[in-house]
Amino acid sequence: MKQKEKLAALIADALDSASQAGLISLADKPAVSIEVPRDTNHGDFASNIAMVLAKPLKMAPRQIAQHIVEYLTEDSMIEKVEIAGPGFLNFYLRLDWLHRVLAAIEEQGVTYGNSTSGQGERVLLEFVSANPVGPMNVVNARAAAIGDSLTRIMEAAGFVVASEYYVNDAGNQTQIFARSLEARLLQIEDPSATFPDDGYPGDYVTDLAVRLHSEHPEVVAMASAERQEFCRSWGIDQMVAAQKEDLRSFNVEFDVWFREHRLHQTGALGEVMSILDNKGLLYESEGALWFRSQAFGDDKDRVIRKSDGAYTYVTADIAYHYDKLKRGFTKLIDLLGPDHHGYIGRMRAAVQALGYPADTLEVLILQYVSLLRDGQQVKMSKRAGEFITLQDVVDEVGRDAARFFFLMRSMESHLDFDLTLASEQSSENPVFYVQYAHARICSILKQAEDVGARVLPVKDVDLSLLQHTSEAAVLRKLAELPEEIAAAAEYREPHRVARYALDLAGLFHAFYTHCHVLGEAEDLKHARLALVNSVGLVLRRVLTLLGVSAPESM
RNA sequence: GCGCCUGUAGCUCAGGGGAUAGAGCAUCGGACUUCUAAUCCGAGUGCCGCAGGUUCGAUUCCUGCCAGGCGCGCCA
């Protein structure tokens with residue numbers, strides 16, 4: 001944000017001058033922070049620098065502030081400066097700094113809000129990665145919404161991000177899945193065929209079996225081992241395809257779908273094991289091979305190869321993360337469910353053991369979702385194969401509402417998701433509040449066009465006519481977008497963007513009721529059209545970052 | 001026992017060291033002969049879980065405790 005930097009520089013200069021004049025004795029240059037006050041009565045920007053310096057300078061904050069103001073060089077941007085409260089410096093800017101925001105938006109278009117704060121760092125963001133042996137649940141849905149938006153937001157903030165889905169298609173559970181599918185297949189011809197005790201009970205397995213039976217009738221007659229392998233391979237492919245489809249309908253697409261079995265095929269597990277072994281980080285005990293992960297801060301050492309000779313999932317995960325690192329990513333972000341928090345220590349250890357800094361791996365844990373319907377918690381039983389899936393949620397409340405609800409809250413909050421509220425097409429639903437603002441804007445612009453009132457280039461518009469407080473409030477909000485996106489990216493907090501969308505929509509609605517556009521005098525009309533047009537563009541921008549549609553009419 | 005998350009208005013949640021702690025919903029009262037009332041304007045509401053500590057200043061950072069959710073496998 002240019003204004004902030006400029007004000008910080010002005011203050012730093014003033015401190016220098018005051019120091020040279022002998023009024024204060026400054027050892028080294030302090031970091032000057034500028035913030036936007038919560039209360040607009042406190043100016044456009046404020047600094048707490050005088051309070052921060054009170055201690056080192058052994059001087060009253062307000063006195064320091066007084067010296068700063070005395071030595072502050074005149075700047076055309078500043079209307080006035082006040083010393084307030086315990087020693088805040090409140091800056092009131094001339095209104096035209098806000099008007100310049102519209103020029104910036106016009107110039108940058110859909111890239112307005114972008115920044116370079118990510119400095120082109122190459123990030124791999126892995127999320128969802130649900131097992132391909134069952135439908136995705138609501139936590140997967142939450143992860144999908146958050147991961148996808150975070151990808152978009154970080155890209156806007158100058159990171160180079162690849163999104164990736166890790167398919168666990170090599171584990172134990174794929175065998176259980178294969179046997180379940182096989183049993184359902186055999187039951188079609190022989191209802192008395194047995195179903196495994198630990199099999200997956202869901203209807204989706206039966207549905208798959210019916211399809212398998214009609215598409216590949218020859219499978220039933222295969223030898224058992226061959227038949228089971230067919231069920232495994234075909235079934236997993238179908239599940240992955242279905243997951244892709246479900247996610248696409250949720251407006252989530254991944255750059256890469258990474259199959260675990262590839263790691264096994266290419267010998268990647270053996271490769272990481274020899275790396276660890278060469279560093280003396282493996283040892284045998286009780287017939288198993290262990291990774292000395294405690295040496296890197298993990299709670300306990302981890303089994304790498306079981307006593308029966310099979311690898312554990314950890315081994316594949318280490319190989320997977322090594323693969324990511326070898327692809328040149330300097331930051332690996334794993335977005336995981338709360339049941340995986342114990343996994344952080346061992347993967348951090350692995351990354352370090354492989355010779356990379358511990359903070360190369362960043363694990364984001366999102367918390368559970370409680371589904372409510374009519375205020376009552378929805379009961380689910382995974383064992384009985386009865387639970388609400390990602391697709392159920394999308395079907396019931398719609399893609400936009402579902403995404404917005406997941407994105408409104410910070411990921412570490414235990415989310416109460418009220419299906420009744422989210423599916424209501426009413427004022428109670430926040431997603432409509434934002435979309436409605438956009439629809440109103442489109443309506444104005446369309447009617448303006450109908451009467452031949454075009455949105456003019458801002459250089460041809462007298463923006464100084466935008467004097468109303470509701471106009472200034474909207475402009476202020478528009479000006480905040482770049483740092484809002486940068487902060488959401490830096491802290492990995494997409495909910496900031498959802499909040500921003502709600503704030504901007506609210507300020508626009510207020511403007512809408514207080515200020516008319518069409519039917520005003522020509523100059524004012526064009527000034528307001530420029531404002532309205534910019535808000536529309538920014539709303540579209542933030543809704544896109546959230547993966548929510550921006551309807552032109554509602 | 002160890003670990004992760006949470007505790008802020010009646011409810012759902014913001015608030016990443018600052019000024020009088022905010023928003024939506026719910027409640028109550030207003031505003032459509034002019035661009036969409038899915039909107040706006042106004043009103044009340046708080047030992048910020050408890051107790052210490054750091055700081056000029058703590059809802060925010062640290063420690064302990066209490067309460068709730070979840071996890072701690074040679075499963076993935």
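Proteins get letters first, then strands, A, B, ... in listed order; numbering begins at 1 in each.
For B/G73, the OP1/OP2 oxygens have a side-chain nitrogen or oxygen of A/Lys300 closer than 4.0 Å. One finds no side-chain N or O of A/Arg302 lying less than 4.0 angstrom from the OP1 or OP2 phosphate oxygen of B/G73. Contact annotation: A/Tyr433 side-chain N/O to B/C40 OP1/OP2 distance is under 4.0 Å. When the side-chain nitrogen and oxygen atoms of A/Tyr313 are compared with OP1 and OP2 of B/A76, none of them lie within a distance under 4.0 Å. A sub-4.0 Å separation between OP1 or OP2 of B/U39 and a side-chain N or O of A/Thr513 is absent. An OP1 or OP2 oxygen of B/C75 is reached within less than 4.0 angstrom by a side-chain nitrogen or oxygen of A/Lys306.
The A/His341 side chain lies nearest to B/G3 when the options are B/G3, B/A76, B/C41. For A/Tyr491, the listed nucleotide lying nearest its side chain is B/G16; candidates were B/C35, B/G16, B/U12. In this structure, the nucleotide among B/U36, B/A38, B/G18 sitting nearest to the side chain of A/Phe432 is B/A38. Listed nucleotides: B/U36, B/C5, B/C74. Nearest to the side chain of A/Glu412: B/C5. Listed candidates were B/C74, B/A38, B/A14. Nearest to the side chain of A/Met554 is B/A38. Distances from the side chain of A/Asp416 to the nucleotides B/U36, B/A38, B/C13 place B/C13 closest. With distances taken from any side-chain atom of A/His509 to the nucleotides B/U39, B/C35, B/A19, the minimum falls on B/U39. Checking B/U36, B/A76, B/G16 against every side-chain atom of A/Glu260, the shortest atom distance belongs to B/A76. Side-chain proximity of A/His514 to B/C74, B/C41, B/C72: nearest is B/C41. Among the nucleotides B/C40, B/G69, B/C75, the one closest to the side chain of A/Asn172 is B/C75.
Within the 4.0 angstrom heavy-atom criterion, no nucleotide atom of any strand lies near A/Cys442. If you check every strand for non-hydrogen atoms under 4.0 Å, A/His495 touches sugar and phosphate atoms only. Nucleic acid contact class of A/Ser410 (heavy atoms, under 4.0 Å, all strands): sugar-phosphate only. Using a 4.0 Å heavy-atom criterion, one finds that A/Ala439 contacts the bases of the nucleic acid, with or without backbone contacts as well. Across all strands shown, A/Val52 has heavy atoms under 4.0 Å from base atoms, whether or not it also approaches the sugar-phosphate. Within the nucleic acid shown, A/Leu415 comes within 4.0 Å of sugar-phosphate atoms alone, with no base atom in reach, counting heavy atoms only. Note on A/His42: a base of the nucleic acid sits closer than 4.0 angstrom, heavy atoms only. A/Tyr368 comes within 4.0 angstrom of the backbone, heavy atoms only, and of no base. A/Ala46 comes within 4.0 angstrom of a base, heavy atoms only. Among the protein residues, A/Ser413 comes within range of the sugar-phosphate backbone only, with heavy atoms under 4.0 Å from sugar or phosphate atoms but none that close to a base. Heavy atoms of A/Ala54 sit nowhere under 4.0 angstrom from any nucleic acid atom. Within 4.0 Å of A/Ala448, counting heavy atoms only, lies no atom of the nucleic acid at all. A/Asp301 comes within 4.0 angstrom of no nucleic acid atom, judged by non-hydrogen atoms across all strands. Within the 4.0 angstrom heavy-atom criterion, base atoms lie near A/Asn48.
Looking only at side-chain heavy atoms (C-beta outward), A/Leu263 and A/Phe258 come within less than 4.5 Å of each other. Looking at A/Arg492 and A/Glu362, their side chains come closer than 4.5 Å, going by heavy atoms from C-beta outward. With a 4.5 Å cut-off on side-chain heavy atoms, A/Leu371 and A/Gln377 do not count as touching.
Base pairing analysis places B/C65 opposite B/G49; the two distances defining the Watson-Crick or G-U wobble pair are each below 3.5 Å. In this structure, B/G16 forms no base pair with any nucleotide, since neither Watson-Crick nor G-U wobble geometry is met with both distances under 3.5 Å. The nucleotide B/U39 finds its pairing partner in B/A31, both defining distances of the Watson-Crick or G-U wobble pair being shorter than 3.5 Å. Of the nucleotides present, none pairs with B/A9 by Watson-Crick or G-U wobble criteria with both distances under 3.5 Å. Base pairing annotation: B/G3 forms a Watson-Crick or G-U wobble pair with B/C70, both donor-acceptor distances under 3.5 Å.
In this structure, A/Asp400 places its CG atom 19 Å from P of B/A38, rounding to the nearest Å. If you measure from atom CG of A/Leu502 to atom C1' of B/U39, you get 15 Å, rounded to the nearest angstrom. Distance CD1 (A/Ile344) to C1' (B/G3): 10 Å, rounded to an integer number of Å. When the P atom of B/U36 is taken as reference, atom CD1 of A/Ile444 falls 7 Å away, rounded to whole Å.
The gap from the P atom of B/C35 to that of B/G17 amounts to 45 Å, rounded to the nearest Å. If you take atom P in B/U59 and the same atom in B/G16, they sit 13 Å apart, rounded to whole Å. B/U60 and B/A21 have their P atoms separated by 15 Å, with the value rounded to a whole Å. Across the P atoms, B/G57 and B/U20 are found 15 Å apart, a figure rounded to whole Å. For the P atoms, the distance linking B/A9 with B/G49 amounts to 8 Å, nearest Å. For the P atoms, the distance linking B/C11 with B/A26 amounts to 15 Å, nearest Å. Comparing the P positions of B/U12 and B/C47 gives an interatomic distance of 16 Å, to the nearest angstrom. Using P as the reference atom, B/C5 and B/A43 are 39 Å apart when rounded to the nearest Å.
For B/A76, the base has no donor-acceptor partner in the side chain of A/Asp339 [N/O atoms by modelled type, under 3.5 angstrom]. The base of B/C35 does not come close enough to the side chain of A/Ser443 for any donor and acceptor atom to sit less than 3.5 Å apart. Side-chain atoms of A/His414 and base atoms of B/C5 include a donor and an acceptor less than 3.5 Å apart.
Note that the CG atom of A/Asp359 and the CG atom of A/Leu332 stand 10.5 Å from one another [nearest 0.5 Å].
Between A/Phe45 and A/Phe91, the ring centre distance reaches or exceeds 6.0 Å. Between A/Phe291 and A/Tyr283, the gap from one ring centroid to the other reaches at least 6.0 Å.
In this pair, A/Phe88 lays its aromatic ring flat on the base of B/A19, centres within 5.5 Å and planes under 30 degrees apart.
Under the 3.5 Å distance criterion, with hydrogens and angles disregarded, no donor-acceptor pair is assigned to the side chains of A/Arg528 and A/His516.
With a glycosidic angle no more than 90° from 0, B/C32 adopts the syn conformation.
A donor-acceptor distance shorter than 3.5 angstrom exists from the side chain of A/His321 to the backbone of A/Asp317, with no hydrogens or angles considered.
For the pair A/Arg440 and A/Tyr512, the cation-pi criterion (under 6.0 Å, within 45° of the ring axis) is fulfilled.
With salt bridges taken as basic N to acidic carboxylate O contacts below 4.0 Å, none links A/Asp237 and A/Arg232.
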